[in-house]
S.K.: 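Just passing along the structure, written as structure tokens.
Keep in mind the model is a prediction, meaning the values are calculated, not measured.
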Amino acid sequence: MNKGVAEGAFPGAVTLVMRYGVVALYEALGEAMTTPERRPMRRDSIFDLASLTKAVATATAIMSLVEQGHLRLNDPIESFLPQFRGPWKSEVTIWHLLTHTSGLPLKPELHHDYPEPAQLRSAIYNMPLLAPPGQAFNYTCLGFHLLADVVERVSAVTLDTFLHNNVFGPLKMEDTGFRPPAEKRERIVATEHCRWRGQVMWGTVHDENCDVLGGVSGNAGLFSTAWDLAIFAQMMLNQGEYAGRRILSPLTVQAMFKNHTPQLNASRGLGWALQMPEFGDLLGPLSIGHTGFTGTSLCLCPSLDLAVILLTNRVHPSRENNKIDCLRPLFHNAIAGAVRA
């Protein structure tokens with residue numbers, strides 16, 4: 001990790017590794033911000049998790065509603081969001097969105113053409129499908145935008161409120177949530193100098209579409225610390241329970257971690273990716289996890305009762321930096337080399 005800082009893969013990082021619920025590594029290095037001022041990284045630094053939001057927040061909320069009996073995985077999306085209409089769309093289900101098999105395109109930069117929330121939501125609802133649902137795996141943020149709207153429609157509260165009440169609050173993940181308050185800004189890690197917004201993003205979500213929607217969306221917008229993510233990770237490794245608080249049932253966690261797409265030559269759980277090469281040659285085949293565009297990742301290895309959290313600010317001050325793609329597997333290989341039976 002020091003090599004990554006020295007070679008410019010990212011200005012700074014926080015790493016946390018634990019096995020059997022025991023923290024083995026918890027370090028901060030480098031800088032949380034280099035421009036317009038310099039700030040050191042701290043172990044309690046708060047990161048914009050980017051697409052980790054999909055797994056940690058949105059998938060958890062949906063599956064909580066499933067096990068509470070409010071919806072089913074094979075429910076069609078249009079039954080909750082009647083605005084979602086068009087060829088093949090009546091066939092799109094909750095399951096298709098969670099597994100990225102809906103046929104929706106990636107389309108990450110809608111904010112340029114739709115700078116108002118209502119416009120952006122309408123554009124997502126009216127987005128044509130690339131293929132009939134279930135025929136191909138195509139990673140997309142748009143499906144998780146829709147899932148956030150499903151949570152709100154079913155629960156009658158916004159995604160951030162639902163998660164605070166049902167997940168982050170009960171787990172006492174005190175630094176986890178959307179739209180972090182101003183009093184925590186000093187601990188927040190800076191991301192990109194955004195040309196569209198004309199400033200370094202610091203305390204405001206990096207994802208532009210999420211920003212248009214007010215900082216809360218199903219694909220991005222969640223902020224957290226390595227310590228809070230460790231609590232969440234151990235809850236998942238414990239089959240849904242942590243410190244006497246049950247968040248999900250064991251059957252729900254098992255369903256989330258199952259490979260639902262082997263017929264598509266993909267390894268996707270419900271909101272999670274499986275057997276990720278990003279997590280190296282040794283842990284990768286055992287892994288369940290997710291990465292985030294800002295330079296974040298969470299790797300779980302249930303068979304080893306192991307969690308590896310790597311949070312960096314690789315997009316600061318520019319996204320034109322993909323060196324972490326080479327470094328992340330090396331880091332996880334080093335962790336794997338320390339594992340004993």
S.K.: Does some side-chain heavy atom of V167 sit less than 4.5 Å from a side-chain heavy atom of L171?
M.R.: yes

S.K.: Check K107 with E109, please: is the shortest side-chain N to carboxylate O separation under 4.0 Å?
M.R.: no

S.K.: Taking side chain as C-beta onward, heavy atoms only, is L98 less than 4.5 Å from H260?
M.R.: no

S.K.: Could you list the residues that satisfy ring-ring contact (aromatic ring centres under 6.0 Å, His included) with W227, not counting sequence neighbours?
M.R.: Y26

S.K.: If hydrophobic clusters are built from ILVMFWY residues whose side chains come within less than 4.5 Å, do V216 and V205 share one?
M.R.: no

S.K.: Between D75 and R72 (side chain of the first, backbone of the second, donor and acceptor by atom type, cut-off under 3.5 Å), is there such a pair?
M.R.: yes

S.K.: Has H206 got a side-chain atom pairing as donor or acceptor with T294's backbone, closer than 3.5 angstrom?
M.R.: no

S.K.: Can you get from F10 to W202 by hopping between Ile, Leu, Val, Met, Phe, Trp and Tyr side chains that sit under 4.5 Å apart?
M.R.: no

S.K.: Quick one, T225 and R43 - any side-chain contact, counting heavy atoms below 4.5 Å?
M.R.: no

S.K.: Does the pair I62 and V151 meet the rule for a side chain to side chain contact (heavy atoms under 4.5 Å, CB included), with working shown?
M.R.: CA-CA 6 Å; I62 287 288; V151 171; 3.7 Å; yes

S.K.: Determine yes or no for a side-chain-to-main-chain donor-acceptor pair under 3.5 angstrom, with R187 supplying the side chain and D44 the backbone.
M.R.: yes

S.K.: Between the side chain of H100 and the main-chain N/O of Y139, is any donor-acceptor distance below 3.5 Å?
M.R.: no

S.K.: Take a 6.0 Å sphere around CZ of R153 and say whether it holds more than 12 heavy atoms from other residues, nucleotides or ligands.
M.R.: yes

S.K.: Could you go step by step and tell me if S122 and N126 meet the side-chain hydrogen bond (donor to acceptor under 3.5 Å, both in side chains) rule?
M.R.: CA-CA 6 Å; S122 179; N126 293 313; 3.2 Å; yes

S.K.: Does a side-chain heavy-atom distance below 4.5 Å link L142 with L110?
M.R.: yes

S.K.: Take F80 and D149 through the test side chain to side chain contact (heavy atoms under 4.5 Å, CB included) and record every step on the way to the result.
M.R.: CA-CA 9 Å; F80 306 103; D149 290 349; over 6 Å; no

S.K.: Donor-acceptor check, side chain of N238 to backbone of E241, threshold 3.5 angstrom: yes or no?
M.R.: yes

S.K.: Within 45° of the axis and under 6.0 Å from the centre of the six-membered ring of F293, does NZ or CZ of R314 qualify?
M.R.: yes

S.K.: Please say whether more than 12 non-hydrogen atoms of neighbouring residues, nucleotides or ligands are located less than 6.0 Å from CD in E174.
M.R.: no

S.K.: If we ignore angles and hydrogens, is there a donor and acceptor under 3.5 Å between the side chains of H96 and T93?
M.R.: yes

S.K.: Within the side chain of N321, is there an N or O that forms a donor-acceptor pair under 3.5 Å with the backbone of K323?
M.R.: yes

S.K.: Can you tell me if Q254 and Q239 form a side-chain donor-acceptor pair at under 3.5 Å?
M.R.: yes

S.K.: With the side chain counted from C-beta on, respond yes when Y125 and L146 share a heavy-atom pair under 4.5 Å apart, and no when they do not.
M.R.: yes

S.K.: Using distance alone, with no hydrogens and no angle criterion, decide if S224 and T176 have a side-chain donor and acceptor under 3.5 Å apart.
M.R.: yes

S.K.: Quick one: closest heavy-atom pair of A57 and L222, and the distance?
M.R.: CB-CD2, 4.1 Å

S.K.: Check the pair H111, W196 against side-chain hydrogen bond (donor to acceptor under 3.5 Å, both in side chains), reporting the backbone distance first and the verdict last.
M.R.: CA-CA 9 Å; H111 63 282; W196 180 59; 4.8 Å; no

S.K.: What is the minimum heavy-atom distance between P180 and G203, and which atoms define it?
M.R.: CG-O, 3.8 Å

S.K.: Nearest 0.5 angstrom please: H70 NE2 to L65 CG, how far?
M.R.: 6.0 Å

S.K.: S102 and L97: which non-hydrogen atoms are nearest, and at how many Å?
M.R.: CB-CD2, 3.7 Å

S.K.: I'd like to know if the side chain of T204 and the backbone of M201 have a donor-acceptor N/O pair within less than 3.5 Å.
M.R.: no

S.K.: For residues F144 and L81: do they belong to one hydrophobic cluster (side chain heavy atoms under 4.5 Å, members Ile, Leu, Val, Met, Phe, Trp, Tyr)?
M.R.: yes

S.K.: Please test M41 against E31 for side chain to side chain contact (heavy atoms under 4.5 Å, CB included), starting from the C-alpha separation and ending with a verdict.
M.R.: CA-CA 5 Å; M41 191 69 78; E31 294 179 292; 5.9 Å; no

S.K.: For P133 versus E91, what's the shortest heavy-atom pair and its separation?
M.R.: CG-CB, 3.5 Å

S.K.: What residues, two or more places apart in sequence or in another chain, satisfy ring-ring contact (aromatic ring centres under 6.0 Å, His included) together with F223?
M.R.: none

S.K.: Could you go through the side chain to side chain contact (heavy atoms under 4.5 Å, CB included) check for Y114 and R121 one step at a time?
M.R.: CA-CA 9 Å; Y114 308 100; R121 280 196 168 88; over 6 Å; no

S.K.: Treating E67 as the side-chain partner and S249 as the backbone partner, does any N or O pair qualify as donor plus acceptor under 3.5 Å?
M.R.: yes

S.K.: Is a donor on one side and an acceptor on the other found under 3.5 Å between the side chain of R38 and the backbone of T35?
M.R.: no

S.K.: Under 4.5 Å between side-chain heavy atoms, chaining through other members, with only Ile, Leu, Val, Met, Phe, Trp and Tyr counted: pull out the rest of the cluster around M276, sorted by chain and number.
M.R.: F279

S.K.: Look up atom CG in L52 and atom CG in N219, then write down how far apart they are to the nearest 0.5 Å.
M.R.: 12.0 Å

S.K.: Are the side chains of L306 and V17 in touch, meaning some heavy atoms are under 4.5 Å apart?
M.R.: yes

S.K.: Under a 4.5 Å cut-off applied to non-hydrogen side-chain atoms, are P36 and Q199 in contact?
M.R.: no

S.K.: Within a strict 4.5 Å, meaning less than it, do heavy atoms of the N313 and T191 side chains meet?
M.R.: no

S.K.: Do you reckon L300 sits in the same ILVMFWY cluster as L310, going by side-chain contacts under 4.5 Å, direct or chained?
M.R.: no

S.K.: Looking at the rings of H290 and W272, which for Trp means the six-membered one, are their centres under 6.0 Å apart?
M.R.: no

S.K.: If you measure from CG on L213 to NE2 on H145, what distance do you get to the nearest 0.5 Å?
M.R.: 6.0 Å

S.K.: Evaluate salt bridge (Lys or Arg N to Asp or Glu O under 4.0 Å) for D228 paired with K172, printing each intermediate quantity in order.
M.R.: CA-CA 8 Å; D228 274 6; K172 298 183 180 180; over 6 Å; no

S.K.: Quick check for you: to the nearest 0.5 Å, what is the distance between L229 atom CG and L298 atom CG?
M.R.: 6.0 Å

S.K.: Quick one: do E208 and R319 satisfy salt bridge (Lys or Arg N to Asp or Glu O under 4.0 Å)? Show the steps, please.
M.R.: CA-CA 13 Å; E208 297 93 341; R319 70 178 66 193; 3.0 Å; yes

S.K.: So does R245 have more than 12 non-hydrogen atoms from other groups sitting under 6.0 Å from CZ?
M.R.: no

S.K.: Do T158 and D160 pair up side chain to side chain, a donor and an acceptor below 3.5 Å, judged on atom types alone?
M.R.: yes

S.K.: Taking atom NE2 of H193 as the centre, report whether more than 12 heavy atoms of other residues, nucleotides or ligands fall under 6.0 Å from it.
M.R.: yes

S.K.: Starting at CG of L104, measure out to NZ of K89 and round the result to the nearest 0.5 Å.
M.R.: 7.0 Å

S.K.: Could you grab the distance from atom CZ of R268 to atom CD1 of I288, nearest 0.5 Å is fine?
M.R.: 12.0 Å

S.K.: Do F178 and V189 belong together in a cluster built from hydrophobic side chains that touch within less than 4.5 Å?
M.R.: yes

S.K.: Any donor-acceptor pair under 3.5 Å linking the side chain of S287 with the backbone of G284?
M.R.: yes

S.K.: Using a 6.0 Å cut-off, check whether atom NZ of K184 has over 12 heavy atoms from anything other than its own residue.
M.R.: yes

